[in-house]
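Quick notes on the structure that follows.
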2 protein chains.
Amino acid sequence: MITVYLAEDQSMLNSALTQLLELEDDLHVVGSATDGAAAWADLQRLTPDVAILDIEMPKLTGLDVADKLQAAQMLTKPIILTTFAQQAYFERAVNAQVAAYLLKDSPSDDLIAAIRKVMTGQTIYAPELVVNMLTAAHNPLTDREMAVLVAADEGLPTKAIAAKLFLSAGTVRNYLSAIFSKLGVHSRLEAIKIARTNKWLQ
Amino acid sequence: MITVYLAEDQSMLNSALTQLLELEDDLHVVGSATDGAAAWADLQRLTPDVAILDIEMPKLTGLDVADKLQAAQMLTKPIILTTFAQQAYFERAVNAQVAAYLLKDSPSDDLIAAIRKVMTGQTIYAPELVVNMLTAAHNPLTDREMAVLVAADEGLPTKAIAAKLFLSAGTVRNYLSAIFSKLGVHSRLEAIKIARTNKWLQ
DNA sequence: ACTTTCAAGTGACATTTGTCATATAACCAA
DNA sequence: TTGGTTATATGACAAATGTCACTTGAAAGT
């Protein structure tokens with residue numbers, strides 16, 4: 001019998017999956033939560049074989065929980081189950097040595113199959129992500145440029161950005177100019193849009 | 001026997017719900033799709049009792065499909081099943097006379113209960129939304145101002161916005177100025193931020 | 001009929017932004 | 001040690017942006 005814990009903040013999916021997994025003879029759902037902190041508390045107590053973790057949850061993300069599982073050297077195998085194929089998330093998950101990384105864009109049978117496979121020691125990554133890994137646009141901005149862009153994203157004007165980062169206004173404009181040139185745009189708005197679609201921001 | 005159709009673009013939820021609904025003795029899932037256009041084509045052919053519609057789907061949204069069901073005077077009862085409580089969506093759904101409007105933030109049993117209730121002629125709205133309806137900060141911007149703001153949000157400079165909306169550049173600046181004054185800000189960036197947090201944008 | 005609101009516009013103006021050239025100092029790698 | 005990158009800065013300039021004060025016509029409300 002494989003014991004499974006489910007952390008998923010969308011109740012509809014949480015309850016549907018719980019019931020579905022329970023129907024399998026070799027699986028038993030020992031608990032579930034809709035936020036990361038509750039999940040982590042439960043996991044320490046229940047030590048299930050597998051923990052299915054959504055990434056975007058209140059309080060703690062699924063990746064945070066996976067990190068904690070690894071740090072505590074627990075035997076519970078984390079399976080990340082998330083909506084979108086975002087490179088940054090995937091890389092963090094690989095570093096946290098998750099047992100599987102699945103997209104919600106695949107059928108529930110895939111999840112059930114994945115649970116059984118990770119119990120045999122296999123590691124499973126959604127193929128979309130592995131392909132993406134090679135082609136992913138990585139952030140060309142320096143830390144300093146990112147700090148300026150983040151401040152700009154808050155809607156602050158040049159002077160306020162300068163004050164916030166203890167720079168002169170001219171330097172801030174220079175950074176912004178450098179950012180625009182790297183991203184091939186000509187305004188804060190466009191730069192922010194690009195940074196956002198590439199998930200460098202927010 | 002209640003026949004049910006399921007349009008939900010997240011495969012994990014789609015397949016999980018399909019299997020779960022099939023377990024109920026009085027429900028039968030006659031078909032499902034992961035995009036709106038396929039759903040509409042199927043619905044015309046299958047004429048199920050109930051159509052569960054996600055809003056954000058490729059090609060046609062669930063609200064588009066609900067509109068079409070109403071326009072074609074079909075007896076299929078639309079149930080909207082969506083992630084977030086957005087006032088604009090809810091209002092459109094009410095106008096399309098949907099049979100129920102549920103959030104994915106509720107358990108799957110609620111959906112099953114809702115299906116049975118709509119078959120008795122009841123209309124079901126998620127309580128969060130009805131409360132929200134009364135308290136919602138309503139958008140103070142005119143349609144025209146919104147059009148300008150949307151264009152600005154795309155990162156377009158004044159001239160491009162003017163060209164897009166067949167206005168003069170001066171008029172566009174005036175609209176923007178009016179928007180800023182209504183929202184109490186002094187830049188496009190800040191205005192966009194406020195519009196976004198209030199869900200008037202995106 | 002009168003008023004308000006909205007859509008659309010013009011012109012002038014000050015301010016902010018974006019661009020560019022250029023400079024220095026620190027650090028890191030070949 | 002030489003060169004590249006980053007962090008920081010200045011000054012000058014053109015372009016874009018935001019503000020204000022107006023005007024006009026149409027639609028909607030009372």
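All of these numbers come straight from a predicted model, not from anything done at the bench. Chain letters run A, B, ... following the sequence lines, proteins first and then strands; every chain starts at 1.
Scanning DNA chain D 5' to 3' for nucleotides with an atom closer than 4.0 angstrom to a non-hydrogen atom of chain A gives a first and last hit of D:dT6 to D:dA12.
With rounding to whole Å, B:L165 atom CG is found 10 Å from C:dG9 atom P. Summarising the geometry, the separation between CG on A:L189 and C1' on C:dT16 is reported as 14 Å, rounded to the nearest angstrom. Atom-to-atom, NZ of B:K182 to P of C:dA7 comes out at 8 Å; the value is rounded to the nearest Å. One interatomic measurement links the two molecules: CD1 of B:I179 to C1' of C:dA7, which rounds to 13 Å at whole-angstrom precision. Regarding B:R188, its CZ atom lies at a distance of 11 Å from the C1' atom of C:dT17, rounded to whole Å.
Applying side chain to side chain contact (heavy atoms under 4.5 Å, CB included) to B:V50 and the options B:T3, B:I79, B:V29 leaves one that passes, B:I79.
Nucleotides of DNA chain C nearest to B:T171 and B:S187 differ in position, and the one nearer the 5' end is that of B:T171.
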Could you walk me through whether B:T61 and B:D64 pass side chain to side chain donor-acceptor pair (under 3.5 Å), step by step? CA-CA 5 Å; B:T61 70; B:D64 293 334; 3.2 Å; yes

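Counted within 6.0 Å of NZ on B:K59, heavy atoms from surrounding residues, nucleotides or ligands total 12 or fewer; the atom is thus considered open.
Put simply, the side chain of A:N14 gets close to the backbone of A:A33: a donor and an acceptor are under 3.5 Å apart. Listed for the A:Q10 side chain is no donor-acceptor partner under 3.5 Å among the backbone atoms of A:M12.
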Check nucleotides 19-23 of chain C against the protein and report each pair of N or O atoms closer than 3.5 Å, with its distance, or say if there are none.
{"unit_1": "C:dT19", "atom_1": "OP1", "unit_2": "A:H186", "atom_2": "ND1", "d": "2.8"}
{"unit_1": "C:dT19", "atom_1": "OP2", "unit_2": "A:S177", "atom_2": "OG", "d": "3.3"}
{"unit_1": "C:dC20", "atom_1": "N4", "unit_2": "A:N174", "atom_2": "OD1", "d": "2.9"}

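Within the 4.0 angstrom heavy-atom criterion, only backbone atoms of the sugar-phosphate kind lie near A:T158; the bases stay farther away.
With salt bridges taken as basic N to acidic carboxylate O contacts below 4.0 Å, one links A:D54 and A:K104.
For the residue pair A:L53 and A:G62, the shortest heavy atom distance occurs at CD1-O, 3.4 Å.
Using a 4.5 Å heavy-atom cutoff, the side chains of B:L17 and B:L81 are in contact.
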